Structure formats: structure tokens, C-alpha cells
Amino acid sequence: MNLNADVRVFISFQTGGEELHVELLRVDGLRILQQVEIEPIKGINVFHGDNASGKTSVLEALYMLGRGRSFRGQRAYPLIQRGRKEFHVYSVLQEYGARPRAIGICRSTKGVEIRIDGSPVKRVSILAKAFPFQIVTPRSQEILERGAAFRRRLLDWGVFHVEPEFHTWHLRYRAALQQRNAAIRAGGTHVAVWDRALVSAAARLEAARDRYITDLSVSLDRYVHRFEGLDCPFHLRFSRGYPNNKTLAEALQESIAEDLRRGYTYYGPHRADFRFVCDSKGDAFDVASGGQKRLLIIALNLAQAEILQSRSQRVPIWLLDDLPAEFDRKNRRSVLEMIAGVSEQVFVTTTDLDALDVEGVSEMKTFHVEQGRLR
Ligand SMILES: Nc1ncnc2c1ncn2[C@@H]1O[C@H](COP(=O)(O)OP(=O)(O)OP(=O)(O)O)[C@@H](O)[C@H]1O
Ligand SMILES: [Mg+2]
């Protein structure tokens, strides 16, 4: 099989339209990056260079555009270049049916200033809507090992982008939960008062999540089967955060004594979680190899991208940090081929251009990263 030809066909397929893509990126003062200005192409943009040259920092800058923070920790301080007071990220995005949008972010230790087309933006949800992306880093598979909150966040990111009311109900649910928890801590007299608000917000939130999970499971199964490296058909096992044989109202009522003892509301969609499970082998966390875990994360991201496209007609940007890590040649090829098949613009970092195996791909631009400067 000639992969390069396949990639070309797949990318051409997507670039036929005017899907979301970054036309211009400027970064200054973020970690090691100095006065970076690039014009990425539609297709694959590869950032290669030695360790510590600044490749991941470029992806961090792009991530900032959609989340207002970094994927390497919450604090701003480590991001701001030593000796400077702030960093800037500026980007021009183009998307079908819309005029070009400029997103600018200035981050200092005092806070973050975000502007879209010159107007200040206060809510990160607005930024997230403007710049949807899928990101896979060498640490992504850690979500299998870490707490449920990390998995829930990944899932809810997907729901947020395709269910218009999800964000509102999510906020209402959180507000009701906080009130109920405050009532618990105040002795429990008024706890039941908050149950109705909690249950009603939960119903809307869960309906959106359920629709998403249904689509996600189908799409994930398809991708999992396409990866030869996954010898076991892992599927998604979702748990909604309270016993399956009860309604949320029942679960809340029955656990009130426990909640009072614990000091917070135990059951509810705020405890939802998912696992990747293979029926014959068990939980991916226990049985999958490092490379297989990363393939599963890629499959999950592919499924999320597919749903975003089918339900919102939007194609996310892909950020792939250190793609060759943990993948053998065959898996690296199929990952790149599948991502190219569903995307318009991909940003990849690697220390070794040869290992990426992209020679001959026509829609490709390479940037050499050296001590925080790009060529
Ligand atoms: N606040 C900061 N000020 C200046 N330099 C910083 C700051 N934070 C990190 N760095 C430097 O930035 C570089 C890290 O950049 P980055 O993680 O993007 O490298 P990389 O090219 O992805 O490396 P690798 O191949 O090892 O993943 C290191 O040289 C680090 O010392
Ligand atoms: Mg790196």
C-alpha cells in the first residue's frame, strides 16, 4: 500500500472545502518562542527540531487559542518567558461561510486578555466555540489512569460542541449541586429543596450526554476496528454517576444519610465516567500496552471529530505532539492516514522528520524549530 498516495487523496478530499484552518500564527514570549510568525498550510504542518527547541510550545500557543490556557498546567507563570512580563499569541482563522477571524491572547501574571476581532472576550466557552481542535500528546493516555474528572472533561468537550444547550444546563447543574452541598454542610434541613433543581438540570444534561455517547460508541467501534494495532475490540463503557437501576431522584433520596456523613452530594452526573473495555481481556487501563492506549485515545479523538463534523458541520484542527512516540511504523502510518482523512489542517511535532514517514505528501509544510525560532 502506498500510504503517501492515500494521504494525498484523503487530504485533498477535505481541503476541497473551506473548513476551519489557521492562516496566520504569531507567538512571542511564550516559553522559548521568540517572534514566531508562520503561515500554516491546509494539510500537514510539521514542526521538527531537537529536544527543548520549542516544538511543543508551538502547539501550546495553538491550544491557548481554543482554551485560554495551556495543556501543560494551569499556571501562567511557567509559560511566560523568563525575563518578560507577558506573552502574546495572535492568529487569523478562516472558516467556510464566515469572514476571517482574528484571535488575540495576551497573558501576564495578572491575568489573561482575550480578544476576538478586537472585542474583549470574557468567557472561555466563546473561545472554545471559535476554535475547536483535537489534541493528542504523549500524556493523553494518562486519562485512562487519572481520575474520572479528566475523562468527563474530554467527553463534555465533545458534547459542548454539538449540543447547543449543554453548556447552560451544565452550569445550572453545577449551581444546584453547589447549593445542595451548602445545604448539606449547613446541617441538612433544606437539602431536599435543591433536589428538584438538581434533578431537572441533570435530566437535560444527561439527555445531551446520552445522545453524544450513543454516537460516540458507534463511531469509536468503527475506528477501533480499523486500527490493526488494536488486537482486541475495545469499546466504550459509560457510567452515569449513580446506580443503573435507580432514578437520580431515588439515588439522592436514598443516599441522604451518607451525603450528610460525607459532607457532599455523592451520586449524580458529576460522577459520570467512561472506560475502554475489551470483553475478553478487561479494562484497557490494565491490559493495553502504551502504544495501544495511545491508539485508543486517537480513535476516541477521531470519533469526536467525526461527530463534530456530522452534527455541526465543523472540522476541528488537529494538534499532535510527538506523533512517532510509542507507535511502530505501521501504526504511525495508519494514524496519520486516518487523521488526514477527516481533517483539514494538522499540526504535528517530531524530533525526527524521517520517523514521521510523510515524504511525498503534497499538502505538507515543514518548519524547523531551533532555540525558539522557526524556519
Ligand atoms: N518560561 C520559560 N522561559 C524561557 N524558556 C522556557 C520557559 N519555559 C520553558 N522554556 C524552555 O522552552 C523549551 C521547551 O520547549 P518545548 O517543550 O516546546 O520543547 P520541545 O521542542 O517540544 O522539546 P521535546 O522534543 O523535548 O519535547 C526548553 O528549552 C525550556 O527550557
Ligand atoms: Mg515537546
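Keep in mind that what you see is a predicted model, and the values were worked out from it rather than measured. Just follow the structure's listing: the first ligand is 1, and inside any ligand the first atom is 1.
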Thr351 heavy atom under 4.0 Å from ligand 1: yes
Residue and atom name of the nearest protein heavy atom (relative to atom 9 (C) of ligand 1), distance in Å to one decimal: Arg31 CD, 3.7 Å
Cation-aromatic face contact Arg69/Tyr63, 6.0 Å, 45 degrees: no
Arg311 and Glu163 ion-paired at < 4.0 Å: yes
Identity and separation of the nearest protein heavy atom to atom 3 (N) of ligand 1: Arg82 N, 3.0 Å
Exceeds 12 heavy-atom contacts within 6.0 angstrom, atom CZ of Arg123: no
Enumerated ligand 1 atoms positioned under 4.0 Å from heavy atoms of Ser57: 15 (O), 16 (P), 18 (O)
Atom 17 (O) of ligand 1 [closest protein heavy-atom partner, distance rounded to 0.1 Å]: Arg72 NH1, 2.9 Å
Exceeds 12 heavy-atom contacts within 6.0 angstrom, atom CZ of Arg262: yes
Greater than 12 external heavy atoms within 6.0 Å of Glu145's CD: yes
Test: Arg99 and Asp117 ion pair at under 4.0 Å: yes
Lys/Arg-Asp/Glu bridge criterion (N-O < 4.0 Å) met for Glu326, Lys293: no
For Ile80, atoms of ligand 1 separated by under 4.0 Å from a heavy atom: 1 (N), 2 (C)
His170 and Phe166 aromatic ring geometry - parallel, tilted or perpendicular at 30°/60° bounds: tilted
Lys/Arg N to Asp/Glu carboxylate O, Glu206 vs Arg209, below 4.0 Å: no
Protein residue, atom and distance nearest to atom 25 (O) of ligand 1, heavy-atom basis: Lys55 NZ, 2.7 Å
Sub-4.0 Å heavy-atom contact, Glu60 with ligand 1: no
Distance from atom 13 (C) of ligand 1 to nearest protein heavy atom, with residue and atom: Ala52 O, 3.6 Å
Ligand-side contact atoms (ligand 1) for residue partner Pro78, heavy atom cut-off under 4.0 Å: 1 (N), 2 (C), 7 (C), 8 (N)
Residue Thr349, metal the Mg ion (ligand 2), N/O/S under 2.8 Å: no
Any Gly54 heavy atom less than 4.0 Å to ligand 1: yes
Pairing of Glu254 and Lys246 as salt bridge, 4.0 angstrom limit: yes
Cationic N near anionic O, under 4.0 Å, Glu142 to Arg139: yes
Check: Leu79 N/O within less than 3.5 Å of ligand 1 N/O: no
Atom 26 (O) of ligand 1: nearest protein contact (heavy atom, Å): Asn51 ND2, 3.1 Å
Per-residue contact class, Gln34 against ligand 1 - non-hydrogen pairs under 4.0 Å: neither
Identity and distance of the protein heavy atom lying nearest atom 11 (C) of ligand 1: Ile32 CB, 3.9 Å
contact_flag Asp50 ligand 1 heavy-atom lt 4.0 Å: yes
Atom CZ of Arg115 with >12 non-hydrogen neighbours under 6.0 angstrom: yes
Within-cutoff protein neighbour (heavy atom, under 4.0 Å) for atom 7 (C) of ligand 1: yes
Pick from Thr350, Thr56, Leu30: the one approaching atom 27 (O) of ligand 1 most closely through a non-hydrogen atom: Thr56
